[in-house]
Amino acid sequence: MCYRCAQSIAELIDSMGARRSSWPGETSISTIGNYMTHYTKLAIDRAEDLRFGTAPQPVSTRRGMIIGGGTVYPELNFTLPSIEIKKENWPEIRNHYQQIISSALQRAAELDCPGVVIEFETLPPMTEHPEWGLEIAQTLLDSMEKAHATHGLKSVLRMTPNDNREFVRPPQLRSGYHLERMLQLFETSAAAGAELLSIESVGGKELHDQALVECDISQVIFALCILGARDMEFLWSKLHEIALRHRVYCAGDTACGFGNTAMVLAEQKIITRAFATVVRAVTAVRSLVAYECGAVGPGKDCGYENVILKAITGCPMAMEGKSAACAHLSSMGNIAAAACDTWSNESVQNIRLLSAMAPTVSMEQLIYDCRLMNQATHESKDSALTLQRWMIASDAALDPQAFILTPENSIALAKAIVGADSRYHAGQAVALEAIRLMKKAHEAGKLKIAPRELPWLDRVEKTVTDLPEDEDEFISDMMETVDASKYNPAEYGLKT
Amino acid sequence: MCYRCAQSIAELIDSMGARRSSWPGETSISTIGNYMTHYTKLAIDRAEDLRFGTAPQPVSTRRGMIIGGGTVYPELNFTLPSIEIKKENWPEIRNHYQQIISSALQRAAELDCPGVVIEFETLPPMTEHPEWGLEIAQTLLDSMEKAHATHGLKSVLRMTPNDNREFVRPPQLRSGYHLERMLQLFETSAAAGAELLSIESVGGKELHDQALVECDISQVIFALCILGARDMEFLWSKLHEIALRHRVYCAGDTACGFGNTAMVLAEQKIITRAFATVVRAVTAVRSLVAYECGAVGPGKDCGYENVILKAITGCPMAMEGKSAACAHLSSMGNIAAAACDTWSNESVQNIRLLSAMAPTVSMEQLIYDCRLMNQATHESKDSALTLQRWMIASDAALDPQAFILTPENSIALAKAIVGADSRYHAGQAVALEAIRLMKKAHEAGKLKIAPRELPWLDRVEKTVTDLPEDEDEFISDMMETVDASKYNPAEYGLKT
Amino acid sequence: MSKIESLKQSVINGKRKEVEPLVNELLAEGMNPKKIVEEGLVPAMAVVGERYKNNEIFVPEMLVAARAMKTALAILEPLLVKAGIKPKYKVIIATVEGDLHDIGKNLVAMMLRGADMDVIDLGVNVPADKFVEAIGQHSPQLIALSALLTTTMPAMKNTIDAVRRSPGKNIKIMIGGAPITQQFANEIGADGYSQDAASAVDTALKLLN
Amino acid sequence: MSKIESLKQSVINGKRKEVEPLVNELLAEGMNPKKIVEEGLVPAMAVVGERYKNNEIFVPEMLVAARAMKTALAILEPLLVKAGIKPKYKVIIATVEGDLHDIGKNLVAMMLRGADMDVIDLGVNVPADKFVEAIGQHSPQLIALSALLTTTMPAMKNTIDAVRRSPGKNIKIMIGGAPITQQFANEIGADGYSQDAASAVDTALKLLN
Ligand SMILES: [Zn+2]
Ligand SMILES: [Zn+2]
Ligand SMILES: [Zn+2]
């Protein structure tokens with residue numbers, strides 16, 4: 001499957017309605033299943049159209065939630081407290097999930113919530129043993145069905161298996177034990193009723209970690225735009241087939257292990273915020289591949305780059321900010337909501353807080369956040385934009401990453417991506433655009449960048465500008481530079 | 001000290017500036033120290049003036065925070081995880097507080113927070129051993145001073161000792177071991193630099209608990225407006241003297257053990273929401289006494305009745321809602337912020353979440369909530385009112401307690417209180433007004449009340465209407481009815 | 001409707017005034033006091049408990065029913081004592097040392113009484129040694145402990161430890177309260193955990209049977 | 001500036017190319033390799049570590065300094081080995097079984113190396129038995145374990161239990177990672193806990209001295 005799919009085919013797909021809110025008949029699907037969308041223009045090119053709750057390509061679920069159709073829904077995530085995942089503990093583990101879902105849905109019903117996305121992000125052993133992951137998914141689905149029958153509460157399950165392919169080092173990506181089991185969990189849970197398929201795929205991460213702590217932008221671009229993107233193309237084509245088979249949706253990937261790792265390292269002052277910001281911009285090139293391969297959203301919560309992807313694709317997006325502080329601290333607590341379609345807590349352990357178990361607490365917080373946004377939208381588009389204006393003003397001037405993710409700047413970054421003729425060039429262009437935006441704002445006094453961070457901007461800019469024009473030259477340069485013991489080029493279809 | 005202090009004296013006090021943002025010279029204080037304010041009119045009588053961040057009588061702290069002066073500040077609360085409070089554990093306990101305060105302030109500085117209120121609500125043994133409470137207060141104050149010196153972060157300490165007087169049963173209120181130690185902790189921590197004094201006083205609670213589970217409104221009014229109010233008069237006059245001595249502020253009391261107990265029981269479906277709503281309205285009569293005795297705010301966070309008190313007194317108020325879900329679930333997640341001046345998390349244990357320790361997580365959430373409000377206020381009064389409109393619309397129609405606490409309805413309730421000639425009559429009047437508001441709204445389809453709750457409204461209304469006109473008659477009726485073994489009338493200055 | 005059925009309905013509906021004559025009539029007709037309790041009062045409270053669990057009624061309505069039951073018991077108890085009949089189970093309940101919260105404890109006590117258990121309520125802020133003393137005195141089959149503060153959870157553990165070292169070490173112990181979890185119950189060696197007052201009777205019966 | 005001082009500055013500033021000639025000159029002047037390490041390299045890395053802790057520099061700058069140090073060591077190590085001089089302390093570090101996170105572990109390894117410790121990095125997803133085997137082989141004075149998932153915290157306990165049952169049972173163990181707390185360290189019998197990579201060297205030295 002080649003990247004530069006002819007634009008005519010892409011347009012054909014568009015005209016056939018491949019990116020739509022519900023699946024058309026099977027015939028048209030199967031004919032388009034083998035082609036990729038190559039985005040050459042933006043689905044949303046005015047900042048005022050890039051706002052929460054509304055997406056040009058909403059997604060309709062079986063119970064009638066319309067994600068991106070005007071209402072922001074809470075999206076709840078959760079994980080186990082400290083417990084070993086093994087057979088002996090299984091009854092206790094199942095009880096945890098049972099208790100999490102029933103309490104959280106109970107609270108959602110009490111608070112008259114219009115609908116809920118439940119994300120089940122498995123733990124590695126639950127993907128390694130797909131029957132375990134499926135059993136929990138089934139537990140969740142049963143409770144969701146019951147809450148619908150009892151209280152009329154709408155809900156939909158997002159299934160996010162682990163990408164365990166990195167358990168082999170260097171990662172074995174295109175075949176083998178871990179890939180097979182992961183695909184099996186996707187397949188069986190889609191069959192069971194998980195309507196949204198997601199993953200935090202790891203292709204390229206084996207080189208990206210090191211690139212981060214060295215603030216090495218060349219290696220970042222290699223890891224994200226060459227390696228990661230190629231792996232996503234492989235993986236998401238497989239997921240697309242599964243989704244078609246079970247008439248569910250490919251929802252989206254996230255560069256969590258890349259962009260969020262950079263963000264958290266910056267919060268911990270290990271690397272500069274400015275560099276983490278450039279990394280975020282580049283991750284959009286990689287995360288976009290899921291949509292090129294047929295994903296329709298809602299994009300996965302922890303992808304702060306999702307707002308850029310929403311501008312490009314028009315698909316609804318999950319986002320997370322202040323109410324995900326239980327999972328990670330962030331400099332984008334409010335602004336992250338500016339264009340969200342579902343609003344997530346990212347993750348929280350099932351532990352007891354003074355009021356209730358932590359997932360129930362998150363559910364309540366998310367619901368109130370969503371109510372506020374939906375009230376504004378309900379009033380008018382202008383009201384929604386007013387609330388969005390405050391969300392943006394809250395954070396944008398204080399942090400470079402928040403700044404580049406305003407709707408206006410996200411559109412500028414999105415343009416840099418769709419204007420490029422390859423992912424490699426898109427990575428360069430979006431990195432330079434992010435740097436340009438930061439520098440301009442800093443000079444205009446609109447953005448606070450710490451003095452000790454400023455030299456990094458110039459350094460990174462120079463490195464990107466000096467990269468070779470030719471992609472093959474870049475690849476062979478990088479293959480000479482990077483630690484060859486850490487990855488296997490053949491797993492990315494690269495010749496050694 | 002009598003309740004019906006002559007209005008002329010009250011006005012004299014007003015004209016002397018007794019309720020102001022910073023202490024005048026000592027002479028004027030000592031002359032007014034012995035009189036009580038009797039509120040006969042509202043400080044805020046238009047709904048549009050009852051909004052977040054702005055109070056007619058702002059409070060200025062030593063480091064230059066102006067609470068009620070246009071900015072909503074986060075107010076952080078915290079408590080220990082499961083640990084026995086005893087000498088052997090003291091180093092670990094002190095470490096907890098040390099770690100809580102330094103991490104939370106660090107995060108506040110990183111997020112450029114304009115100022116923070118830290119509430120230290122002690123645990124019972126720390127009031128019983130005032131030197132323990134003082135040591136922790138000092139630990140907090142030291143860190144706050146350090147954060148101010150290092151990062152320029154403004155902060156102020158609210159000191160909330162425990163009301164341990166109920167450890168004796170029936171409670172010994174006006175003398176004895178527990179009173180002495182509590183006052184000692186107030187005195188020493190005020191001397192050490194705690195600028196805001198608060199308490200959750202318990203007078204009347206020994207009869208109120210039973211009244212709640214029986215939904216007995218007569219006994220509720222007796223416990224709150226007769227017993228509780230008399231005890232607060234006693235207690236807050238003492239606190240007023242301490243505050244004068246150390247030039248700090250009496251900040252306010254809360255009917256936590258009354259109104260919030262009712263609210264939580266209603267959330268757990270033990271009693272009806274409608275009854276809990278009436279209880280909330282009546283608590284305002286009791287909580288008001290602190291201000292009558294010289295408190296200037298910010299009123300203590302967990303008093304949802306504070307919005308009524310803000311209308312009456314013009315003092316700034318702490319409030320808590322969705323970001324206090326860690327401490328209690330609530331049906332007022334957004335609307336509680338509508339008129340807040342500080343925004344609190346109520347309480348959270350110092351336990352580890354995935355991102356950071358829970359108090360640091362709360363700090364981040366509160367800061368983002370406040371940023372949003374402050375952005376709106378910064379834009380204009382109209383913008384603040386727009387955000388407030390969504391906060392109100394978010395919750396008011398779904399829950400009776402949320403409904404009666406809209407700015408408009410809070411003013412109606414406040415009017416019922418100041419229009420009455422005694423606390424007993426104020427209790428009756430505000431209960432009936434709350435019922436009237438609920439019924440009217442329910443009939444107009446503006447408020448959802450569950451069908452099985454409706455009969456309770458009529459029942460409670462009839463009981464209140466049938467109460468004797470004469471206060472003495474009411475008191476002697478009640479003294480015959482209630483469980484006499486549970487309380488000691490002499491501790492309330494009542495003759496047996 | 002049979003008379004015993006009428007009694008049951010009167011208790012369910014909390015019609016205290018109807019209860020006294022009905023009980024007296026049943027006794028006059030020669031019905032065994034034990035049978036009146038077992039076929040009239042206990043099933044009535046079971047219905048009330050079920051309605052509460054299903055969110056059909058609130059606690060105040062339960063309390064009214066409990067009072068009606070008490071009216072009946074006031075007549076029946078002396079007869080039961082004379083006949084040597086006692087409730088099947090005796091329970092001691094308390095809020096632990098350092099903790100003053102009693103609403104939850106009181107609700108649980110009420111519900112256990114409704115299930116015809118003899119409940120001895122030691123009150124709040126009860127130290128471990130006082131607790132052990134009371135066990136020695138009353139020989140209960142079940143102990144119920146409540147704590148609402150995270151910082152009094154250790155007192156719960158201390159109380160259980162003290163019981164386990166005492167002659168009453170094999171008595172079943174159940175715990176509850178806002179900060180309590182099943183995991184904590186396991187950790188400190190409690191036999192049962194009840195998430196709320198409504199399910200306390202179920203937990204108790206599971207432990208006792 | 002003395003030549004050893006120049007070397008120190010070159011390492012601090014990560015000027016790798018200056019390092020090689022300076023080391024060679026110092027050796028030519030007859031300076032003891034051990035002294036070059038102790039008075040040039042280790043103090044340089046201490047300065048770098050201090051600057052990082054004070055938020056004056058970021059990790060990439062530390063890495064550049066660490067590389068400069070490595071360049072020096074590449075010349076010095078064969079001489080040190082020949083003279084029988086070894087780093088004072090040997091450390092084994094790993095991320096526990098089931099956990100693939102290695103950034104934090106790698107940072108700690110780098111910082112310990114900067115403090116002139118011999119660090120053996122077993123990588124990620126390391127089972128307890130592999131760990132015990134490596135201890136037998138290398139005889140370290142210190143063990144450092146990392147976990148980033150709540151669900152691999154039990155694996156940390158398992159690893160410590162396995163070490164405590166092995167001949168290396170008295171070796172000091174320190175742990176760290178996002179979900180780890182001092183309390184957890186106490187619970188599972190670790191000797192030390194480091195809240196972040198920056199304070200790992202302090203924790204290590206406290207345990208070793
Ligand atoms: Zn993620
Ligand atoms: Zn409170
Ligand atoms: Zn509080």
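Within every chain, numbering begins at 1; the chains are lettered A, B, ... in the order of the sequence lines, protein sequences first and strands thereafter.
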*Check whether A/F167 gets within reach of chain D through its side chain, its backbone, both or neither, counting any heavy atom under 4.5 Å.*
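Its backbone and side chain both get close to chain D.
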*With a 4.5 angstrom heavy-atom cut-off, could you sort out which part of A/I271 is near chain D: side chain, backbone, both or neither?*
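Both parts, backbone and side chain.
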*salt bridge (charged side-chain N to carboxylate O under 4.0 Å, His left out) assessment of D/R67 paired with A/E214*: CA-CA 11 Å; D/R67 290 239 171 89; A/E214 299 193 14; 2.6 Å; yes
Just wondering, do [Y] and [X] contact through their side chains at under 4.5 Å, heavy atoms?
X      : Y      : value
D/P60  : A/W456 : yes
A/V213 : D/L63  : yes
A/S82  : D/P154 : yes

Does [atom1] belonging to [X] count more than 12 external heavy atoms closer than 6.0 Å?
X     : atom1 : result
D/K90 : NZ    : yes
A/Q99 : CD    : yes
D/Q9  : CD    : yes
D/K53 : NZ    : yes
D/E25 : CD    : yes

Part of [X] lying under 4.5 Å from any heavy atom of chain A:
X      : result
D/N125 : side chain
D/I57  : backbone
D/V64  : neither

*With distance as the sole test, does A/R452 use its side chain to make a donor-acceptor pair with the main-chain N or O of D/F58 at under 3.5 Å?*
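Pair absent, no side-chain N/O of A/R452 close to backbone of D/F58.
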*Between D/T151 (side chain) and A/P81 (backbone), is there a donor-acceptor pair under 3.5 Å?*
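Not at all, since once roles are kept as given, no pair shorter than 3.5 Å links the two residues.
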*Hey, what do you get for CG (D/D196) to NZ (A/K269), rounding to the nearest 0.5 Å?*
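Here the interatomic distance stands at 10.5 Å.
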*Could you grab the distance from atom CD1 of A/I83 to atom OG1 of D/T150, nearest 0.5 Å is fine?*
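Reported to 0.5 Å precision, the distance equals 10.0 Å.
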_Only heavy atoms, only distances under 4.5 angstrom. Which residues in residues 96-105 of chain D are near chain A?_
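When heavy atoms of chain A are the reference, residues 96-105 of chain D contributes D/G98, D/L100, D/D102, D/I103 within the under-4.5 Å range.
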*Between A/E84 and D/N158, does any side-chain donor sit less than 3.5 Å from a side-chain acceptor?*
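The criterion, which ignores hydrogens and geometry beyond distance, is satisfied for D/N158 and A/E84.
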*Which of A/Q210, A/K205, A/Q349, A/R169 touches chain D most, by non-hydrogen pairs under 4.5 Å*: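 Most heavy-atom pairs within the cutoff with chain D belong to A/R169.
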